[in-house]
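Right, one structure below, let's go through it.
Every chain is numbered from 1 and lettered A, B, ... according to where its sequence line falls, protein lines coming before strand lines.
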2 protein chains.
Amino acid sequence: MAISADPANASAFEKNHDHGRCIHNAMERALRLCKQNGARLTPVRQRVLELIWQSHRPLGAYQLLEQLSKEGFNSAPPTVYRALEFLLEQGLAHRITSLNAFIGCSHPGCRHQGYFLICRSCGSAEELPSESLAESLRQQVSQRGFLVESETVELSGLCPDCREQESH
Amino acid sequence: MAISADPANASAFEKNHDHGRCIHNAMERALRLCKQNGARLTPVRQRVLELIWQSHRPLGAYQLLEQLSKEGFNSAPPTVYRALEFLLEQGLAHRITSLNAFIGCSHPGCRHQGYFLICRSCGSAEELPSESLAESLRQQVSQRGFLVESETVELSGLCPDCREQESH
DNA sequence: AAGCGTAATGTTATACAGTATCATTTGCAG
DNA sequence: CTGCAAATGATACTGTATAACATTACGCTT
Ligand SMILES: [Zn+2]
Ligand SMILES: [Zn+2]
Ligand SMILES: [Zn+2]
Ligand SMILES: [Zn+2]
C-alpha cells in the first residue's frame, strides 16, 4: 500500500512539512470522493473537515464546536457530531477512541481501519499503513473463530522528535 | 502464552464453562498478588473486582456504581473510579476504551497490555495472548523511531457462538 | 414554476462518563 | 497513644455524546 510513498501526505511527525499543501490535498480528495459517491459536502461538513486537518493533532468535538461557533456556524453539539458522523461514514476522518477525538484520514478512498501512533508530548497522531499489521491481527484471531468487524489500534508514546527533546 | 491452556481461565466465549470457578480463581489470585505487593484489597475494591468478574462482559463505571449502591456501599462516582484505578494499577483489571468499560484481567501478575476481542452481539470480551502480536506491533513501529508506551488494541466483531446464531 | 419527499439542520434537553476538591475516617508505624 | 499517610465520604462540576422533535433546504417529478 505504501502510504509513505504518497506525495500527498507528509508524515505527521515531520514537523516542518508544507502543511498548507497537506490541507489543500485533503480537501481536494474529499471533494472528489464526495462527488463520486453522491455525498453532499455541505459547508459545516467541509469546515469541520478543514478544522481537523488544521493540524495533525486529533481534535475533540467540543474544540471543533468552539471554533465553529467563533465562525458564526450553528454550534450545538449535534451539529458537530453529525458532521463528524458524515465524515466517518465517508471515510474522510477517523475517531481516536482513546482520546475522544477526531482526525482527518490521510488516505481516504481505500477502505481501511485506522491504526494510529499518538505522541503524548506533542499530540500528533499518524496513521500506520496497516496491511501487514492487519494481517497479523487476522491470523491471531481467525484461529479462534472470531469474526472481526472493526478494529481499534492506538499506540501512544513519543514521536521521534519528542523523544529527542526528552533526552536532552 | 497459551492462556487457553491455563486451567484457571476458560475462554470468555465458551458459554458453558464453570464461571463460578472463574471468579473464585480470579479472587484468589488477586488476594495473593495484593499480599505480595503490600497492596490493600479493601472491601469496595474486592467487591468491584468481583463485580467485573461476574461475567465476561466489560462493565461501565455507573453500572458498577448502581450495583454497589444496591449492596449498601457508598455510591458516589469517585468511589468506583478509585477502586477501578487501584485495580488497574495492580494489574487486576483492564479498561476497554472503546466501550468506556472495565473488565477483570485474565492473567494478572505478568505485566502486559490487554489486547481484546469484543463480541458486539453478546458483549463478551476476551484477552488475546499478546506476545506475537506485540512483536508485530513493535516491529512496525520501531522502524519509525516511535517509542510506544501504551497500547490500545480492541477488535470488535462476532464471537464463534454468535456467529453461529446469526447464520441461522 | 409548484408541489413533494428526503436529507440536512436547528433547538432543547438529557443521558452518560470522569474529575476536582475538601472533609473525615481508618490503619498502621513508631 | 500519637501522628502520619492512605483510604473513604461528600458535593459539585467538567466533559462527551445522544434523543427527540421542529424547521429548512435540496433535488426531483409533473
Ligand atoms: Zn500536514
Ligand atoms: Zn511528539
Ligand atoms: Zn490482562
Ligand atoms: Zn458473542
Handout entry: Side-chain donor-acceptor pair present, B:Glu127, B:His112, cut-off under 3.5 Å
Key = yes
Completion exercise
Per-nt protein contacts along nucleotides 6-13 of chain D (heavy atom under 4.0 Å; B base, S backbone sugar-phosphate only, - none) come out as -SBBBB--
Handout entry: B:His17 atom NE2: more than 12 heavy-atom contacts under 6.0 Å
Key = yes
Handout entry: Exam field: side chain A:Arg144 to backbone B:Cys159, donor-acceptor pair closer than 3.5 Å
Key = no
Practice task
Please state whether the phosphate of D:dT16, meaning OP1 or OP2, lies under 4.0 angstrom from any side-chain nitrogen or oxygen of B:Asn100.
Solution key: no
Exercise for the section: Can you sort out which residues in residues 46-69 of chain B have a heavy atom within less than 4.0 Å of DNA chain D? Ascending by number, please. Expected result: none
Practice task
Could you tell me whether the side chains of A:Ser156 and B:Glu149 share a donor-acceptor contact shorter than 3.5 Å?
Solution key: no
Handout entry: Pair B:Ser132, A:Gln140: side-chain N/O donor-acceptor within cut-off below 3.5 Å
Key = yes
Practice task
Give the rounded distance in Å between these two atoms: CD of B:Glu85 and P of C:dA17.
Solution key: 18 Å
Handout entry: Close side-chain approach of A:Gln67 and A:Glu71, heavy atoms under 4.5 Å
Key = yes
Fill in the blank from the handout: Separation of C:dG18 atom C1' from A:Leu99 atom CG, nearest Å, is 15 Å
Handout entry: Flag for B:Gln139-B:Glu135: side-chain donor and acceptor within less than 3.5 Å
Key = no
Fill in the blank from the handout: Residues joined to A:Ile96 in its hydrophobic cluster, side chain to side chain under 4.5 Å directly or through other members, sorted by chain and number, are A:Leu99, A:Ile103, A:Phe116, A:Ile118
Practice task
Let me know the distance between OH of A:Tyr81 and C1' of C:dG10, rounded to the nearest Å.
Solution key: 17 Å
